[in-house]
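Below is one structure, written out as structure tokens; comments come after it.
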There are 2 protein chains.
Amino acid sequence: MITVFQRKNMNYSRQRDLIMEYLKTTSCHPTAEKIYEKVKLQEPNISLGTVYRNLKQLVDNKMILRLHMGDGVDRFDANISEHNHLYCTNCGKVYDLEKKIPDKVVQNIYTSDFQGENKIDGFVIYFYGKCRSCKLLN
Amino acid sequence: MITVFQRKNMNYSRQRDLIMEYLKTTSCHPTAEKIYEKVKLQEPNISLGTVYRNLKQLVDNKMILRLHMGDGVDRFDANISEHNHLYCTNCGKVYDLEKKIPDKVVQNIYTSDFQGENKIDGFVIYFYGKCRSCKLLN
DNA sequence: GTCCTTGCAAATAGTTTGCAAGCCG
DNA sequence: CGGCTTGCAAACTATTTGCAAGGAC
């Protein structure tokens, strides 16, 4: 029985496992601090440093994504499939935008030229606006 | 004679003026620290706090842009016209991508739907890759 | 004169790191 | 056992803020 960690040549560690499991259950794009609080419920001795170290390792191994929504705090996402994010400028929460940007559009963005001067490896789009709940409040 | 600051209901201040002037001369997307060093040459007593306060004010008044390229430092850009940015993952510099993303594509991104559930006010695209210089080195 | 802005220094927020002890394979 | 991982606390980086003095209008 090969674990998801072994597949990435990572040792098993209870702390890392709990972090990964928590991230897989949520779509709220938690910050390191929030992850720490949650995992602490099951592993009271865990330290914030450990959380940061594991998040870094999981990101490096492409098991999770790190989002920089521009408010100074990194957020994490275990959903590594192609999707985009909306930062609600009212409540500060980050939402998944289910609908993909059409392949044709992505293609268009990539080849949008840049005169072949640079080598574009990828891009990230961050959307800003109001989430459904906040929209309804006004 | 109405200054660019008065137009925005901002007082004149020599420090703010120097920051703005420096930003207008460069396209290197400097960090606050770098701006501080540069302006210090002309205004040796200026403090870093003043630089941060003015940058914030200029951003709030939409006279400059604040970029979050994901490396933990904010960068600033006096070019507020529509353009995108490339972060070179090799040298860490930020470049302007002159060519716009075609209006049709932008339109497509906006109306890409999101089911009208959220209200999208805008989006930012950050490109990652290698700049021309770094590409040539390999 | 009033309100805005400054320099300075201290404070804060998020994140990283050195170390000795503990766990995985 | 050897190397990876941990908890803890201290360190670090980028940025913000309180305050008394100085400048704009």
Quiz prompt | Closest to side chain of B/Arg16, choosing from C/dT15, D/dT15, C/dT6 | solution = C/dT6

Quiz item: From D/dC25, C/dG7, D/dT6, pick the nucleotide closest to the side chain of A/Asn54?
Solution: D/dT6

Quiz item: Of A/Tyr52 and B/Arg53, whose nearest nucleotide on DNA chain C comes first from the 5' end?
Solution: B/Arg53

Exercise. Using the side chain to side chain donor-acceptor pair (under 3.5 Å) rule, pick out the option among A/Asp74, A/Asn79, A/Asp96 that qualifies with A/His29.
Key: A/Asp96

Self-check item: B/Gln6 side chain to B/Thr3 backbone, donor-acceptor under 3.5 Å
Solution: yes

Practice problem: May I have the distance from A/Leu55 (atom CG) to D/dT5 (atom P), rounded to whole angstrom? | Solution: 14 Å

Quiz item: Between B/Gln6 and B/Asp74, which has a closest nucleotide on DNA chain D that is more 5'?
Solution: B/Asp74

Quiz prompt | Protein-nucleotide distance (A/Ile2, atom CD1; C/dG25, atom C1'), rounded to Å | solution = 14 Å

Quiz item: What's the CD1-P distance between B/Ile19 and C/dT5, to the nearest Å?
Solution: 12 Å

Practice problem: Let me know the distance between OH of A/Tyr12 and C1' of D/dC4, rounded to the nearest Å. | Solution: 15 Å

Quiz item: B/Phe5 CZ to C/dT5 C1': how many Å, rounded?
Solution: 13 Å

Quiz item: Among D/dC25, D/dT15, C/dC8, which is the nearest nucleotide to the side chain of B/Ser47?
Solution: C/dC8

Quiz prompt | Proximity to the side chain of B/Ala32 - top-ranked nucleotide from D/dA24, D/dT15, D/dG7 | solution = D/dT15

Practice problem: Nearest whole angstrom, please: distance from the P of D/dT15 to the CG of A/Asp71. | Solution: 13 Å

Quiz item: A/Gln57 has a side chain; which of D/dG7, D/dT5, C/dT15 sits nearest to it?
Solution: D/dT5

Self-check item: A/Met10 vs B/Arg66, nearer the 5' end of DNA chain D by closest nucleotide
Solution: A/Met10

Quiz item: Do B/Leu67 and B/Val73 sit in the same hydrophobic cluster, where Ile, Leu, Val, Met, Phe, Trp and Tyr count as joined when their side-chain heavy atoms come under 4.5 Å apart?
Solution: no

Quiz item: Looking at B/Leu23, B/Asp17, B/Leu18, which one forms a side-chain contact (heavy atoms from CB on, under 4.5 Å) with B/Glu21?
Solution: B/Asp17

Quiz item: Looking at the side chain of B/Gln15, which of C/dT15, C/dT6, D/dT15 is the nearest nucleotide?
Solution: C/dT6

Quiz item: B/Ser13 side chain: which of D/dC25, C/dT6, D/dT5 is closest?
Solution: C/dT6

Practice problem: Report the distance from atom NZ of A/Lys40 to atom P of D/dC8, rounded to the nearest whole Å. | Solution: 7 Å

If you look only at distance, which donor and acceptor atoms sit under 3.5 Å apart when one is on a side chain in residues 122-131 of chain B and the other is two or more places apart or in another chain?
residue	atom	partner	partner atom	Å
B/Tyr126	OH	B/His68	N	3.2
B/Tyr128	OH	B/Met69	O	3.1

Exercise. Would you kindly give the CG-to-C1' distance between A/Leu48 and C/dG14, to the nearest whole Å?
Key: 9 Å

